[in-house]
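Below is one structure, written out as structure tokens, with a few remarks after it.
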Amino acid sequence: MEIFKGTATFSGIAIGKILYYSRGEYQIRQSLVSNIKKEIEEFRRARSQAARALLELYEKNRLLNVQEANAFLEQKNLLESETFQKAIESCISSEKVNAAYAVMTNRDEITETFRSLEEPAVRKRIADIQEISGRLIQILGGASLHINLGEEPMILVTESLSPTEIMEMDKEKLLAVVMHHGSTVSHTSIVAKTMEIPTLVDIVAEDAWDGLTAIVDGYTGTLYLDPDGEIQKEYEIRLEADKREKEELLKLKNEKDVTADGKEVGLYANIGNMSDLNNVLYYGAAGIGLLRSEFQYLGRESYPRENELFLAYKKIAETMGDHPTVIRTADLGADKQASYLDIPEETNPIMGNRGIRFCLDRKEMFKAQLRAIYRASAYGNLAMMYPMVSSEKEMEEIEKLIREVKESLQEQGVPFRNIRTGIMIETPAAVMISRELARRVDFLSIGTNDLTQYTLAMDRQNPLLKGKYDDHHPAILRMIRMVVESAHQEDREVGICGEIAADTALTETFLRMGVDFLSVVPACILPVRKALRETDLGGR
Ligand code: PEP
Ligand code: MG
């Protein structure tokens, strides 16, 4: 038996076999083909299928949004153009490679060649090439983003995982995750937490571990490799106790979120994926306080279209009924990347073009999301908030876009509601102008994960800063207090949606500060509910 000590990012115990995953195997593979004619036929078949799909999208959208519908037609024309066809087919025949690989190579070459050109028409063309290539690759089955976990539930051990990779895994087959990279507040860990998967980071794994039995202790951050009989027995007993404790907590799932002295508090869930919706309702959350909508943009080959976003938001609105859902508009950039986004390399992406800055730079993309949110608002209780805001100027730009979106929906006779809006407080600048920001919206939501990294100037994902990145730093607690006061001076609601919101040791502190709501991963709803029901503010 060997024992490794790491950092637990989500509690729980797992006992099972290790699956060692190394990236690379699952990307588009180049294979040499012997039957070129057959490969070209494959490509042509995929091309016709993609063209049919684009035509269908055009038909579906043309009454609602002519501009968007026409974009599908333009892509179809590009796909069927002789130049595009020749480029791919000559790559297949001269290089003797498979069709998916040829499509990818062509896409990457074009992107690389024209990447420095700023001209809107060129950029649009590149985006179209990326989109149709993505479609083709998907049809050709060349891109598998899914990690095949096999039949039996496994402990996944790896160097690092992206948020998308973990999100696309079958939760039922995943006992635990053990990684070298990541931290308690990295997005991959947050996704794992949302999926309720015990997770350890900061453990350097070896591929030779593949197939070995292991125990993951997500309370102490320990990994037991090839555990001896006694340890295994002890952990089997602890696993049972863990289950019983969780069952005990479940008794609270229909209880109110109210302190011992009767103060009502909003307790909401943070999710990133449609499949997390079930847990929100299962644990009896008041609603969704943070829907990390950017995940719908990741793990794919092209931008989601307005209609796709609309359908997803509509489904959420309908499923949640009267319970509110706060959609956080796409927080892309930094650690949330996809190749089709074509984000130029940045020296310091964490301080770079991310969140609302990125959306305001790509107004068409942003407007598509805003339209989708407003269209879906007619079907339930939606709200939206903006990530990484740091100035009132950004808010002016957002307000202008919202006006345009509403006007065009009105003109088209599309029903929508005037939904509540909020701002995420994630930068020290936003804290300092929180009163001015509060005036512009209905609520503020404090994102302490980013607020900590920007206040302490410490990358939230950097494993070297383990024990230094501290979201309980007095500076952060004072900032929370300041934002609560600013919001209340303007008669606005204010809450916390960063990971710190789930720390039950701080529940009383937050309530005493006057925080109106907390938003936490679904698995933390019941522990936080228990803590706040036990808190007595003395009738404050
Ligand atoms: C935060 O920064 O605290 C937050 C809730 O947003 P995210 O973790 O998605 O950056
Ligand atoms: Mg954030």
Side-chain angles (χ1 to χ4, degrees), residues 4-11 159-163 166 177-194 197-204 218-222 270 272 290 292 294 328 331 333-337 346-352 354-355 387-390 424-432 445-483 496-507 509-510 513 515 518-521 524 528:
F4 297 85
K5 209 72 185 135
T7 305
T9 69
F10 184 62
S11 58
E159 185 60 18
S160 69
L161 280 180
S162 71
I166 186 156
V177 172
V178 177
M179 296 180 285
H180 181 199
H181 293 288
S183 70
T184 49
V185 291
S186 59
H187 281 106
T188 305
S189 302
I190 292 174
V191 173
K193 218 191 267 191
T194 312
I197 309 290
T199 303
L200 308 185
V201 294
D202 206 18
I203 289 187
V204 184
Y219 292 98
T220 60
T222 316
N270 292 347
L290 165 62
R292 289 184 164 93
E294 58 277 6
R328 188 258 297 276
D331 184 10
D335 60 329
K336 288 178 229 149
Q337 301 268 348
E346 295 175 297
T347 328
N348 196 344
I350 296 291
M351 309 282 255
R354 62 165 294 202
M388 293 293 300
V389 169
S390 59
M424 289 189 76
I425 303 292
E426 302 181 278
T427 62
V431 173
M432 298 311 290
S445 189
I446 311 173
T448 47
N449 307 337
D450 276 317
L451 184 57
T452 305
Q453 88 170 336
Y454 295 116
T455 303
L456 303 186
M458 289 190 197
D459 177 354
R460 66 194 257 191
Q461 313 220 71
N462 187 337
L464 298 176
L465 300 177
K466 184 178 76 170
K468 294 180 181 149
Y469 170 99
D470 174 18
D471 53 5
H472 292 56
H473 192 291
I476 302 302
L477 296 179
R478 266 186 229 173
M479 284 179 159
I480 295 175
R481 185 186 293 278
M482 192 175 160
V483 175
I496 307 174
C497 63
E499 296 315 292
I500 203 175
D503 183 349
T504 51
L506 285 177
T507 309
T509 309
F510 293 148
M513 283 180 185
V515 167
L518 296 168
S519 196
V520 301
V521 292
C524 292
V528 175

Query - Listed once per pair and sorted, the side chain to side chain donor-acceptor pair (under 3.5 Å) pairs that draw on residues 467-483, sequence neighbours left out - result: H472-D503

Query raised in the report: Is P463 close to V201 at the side-chain level, that is, under 4.5 Å between some pair of heavy atoms?
Result: no

Requested in this report: Say whether, by atom type as modelled, one donor and one acceptor occur between the side chain of N449 and the main chain of G498 under 3.5 angstrom.
Outcome: no

**Report entry** Residue pair L200 / T9, side-chain heavy-atom distance below 4.5 Å
**Finding:** no

Requested in this report: Count the heavy atoms of every other residue, nucleotide or ligand shown that sit under 6.0 Å from CE of M432, and state whether that count exceeds 12.
Outcome: no

Query - K5 side chain to T220 backbone, donor-acceptor under 3.5 Å - result: yes

**Report entry** Closest non-hydrogen atom pair between T194 and N270, with its separation
**Finding:** CG2-O, 3.9 Å

Query raised in the report: Do the side chain of T7 and the main chain of D202 share a donor and acceptor less than 3.5 angstrom apart?
Result: no

**Report entry** Pairwise side-chain contact, E294 with R328, heavy-atom cut-off 4.5 Å (strictly under)
**Finding:** yes

Query raised in the report: Between the main-chain N or O of R292 and the side-chain N or O of D331, is there a donor-acceptor pair closer than 3.5 Å?
Result: no

Donor-acceptor pairs under 3.5 Å, side chain of residues 178-185 to any protein atom, not counting sequence neighbours: which ones?
residue: H180; atom: ND1; partner: E159; partner atom: OE2; Å: 2.8
residue: H181; atom: NE2; partner: E159; partner atom: OE2; Å: 3.3
residue: S183; atom: OG; partner: V185; partner atom: N; Å: 3.3
residue: S183; atom: OG; partner: S186; partner atom: N; Å: 3.2
residue: S183; atom: OG; partner: R460; partner atom: O; Å: 2.5

**Report entry** Side chain proximity check, S445 to I425, heavy atoms < 4.5 angstrom
**Finding:** no

Query raised in the report: Is there a side-chain contact between V389 and M424 (heavy atoms, below 4.5 Å)?
Result: no

Query raised in the report: Heavy atoms, side chains only, cut-off 4.5 Å: are D450 and R354 in contact?
Result: yes

**Report entry** Distance, nearest 0.5 Å, that separates CG of L161 from OG of S189
**Finding:** 9.5 Å

Report summary line: d(I166 CD1, T199 OG1) to nearest 0.5 Å is 5.5 Å

Query raised in the report: Could you give the distance from CD1 (I480) to CD1 (I500), rounded to the nearest 0.5 Å?
Result: 5.0 Å

Query raised in the report: Between Q453 and D459, is a side-chain contact (heavy atoms from CB on, under 4.5 Å) present by the stated rule, with each step listed?
Result: CA-CA 5 Å; Q453 88 170 336; D459 177 354; 3.8 Å; yes

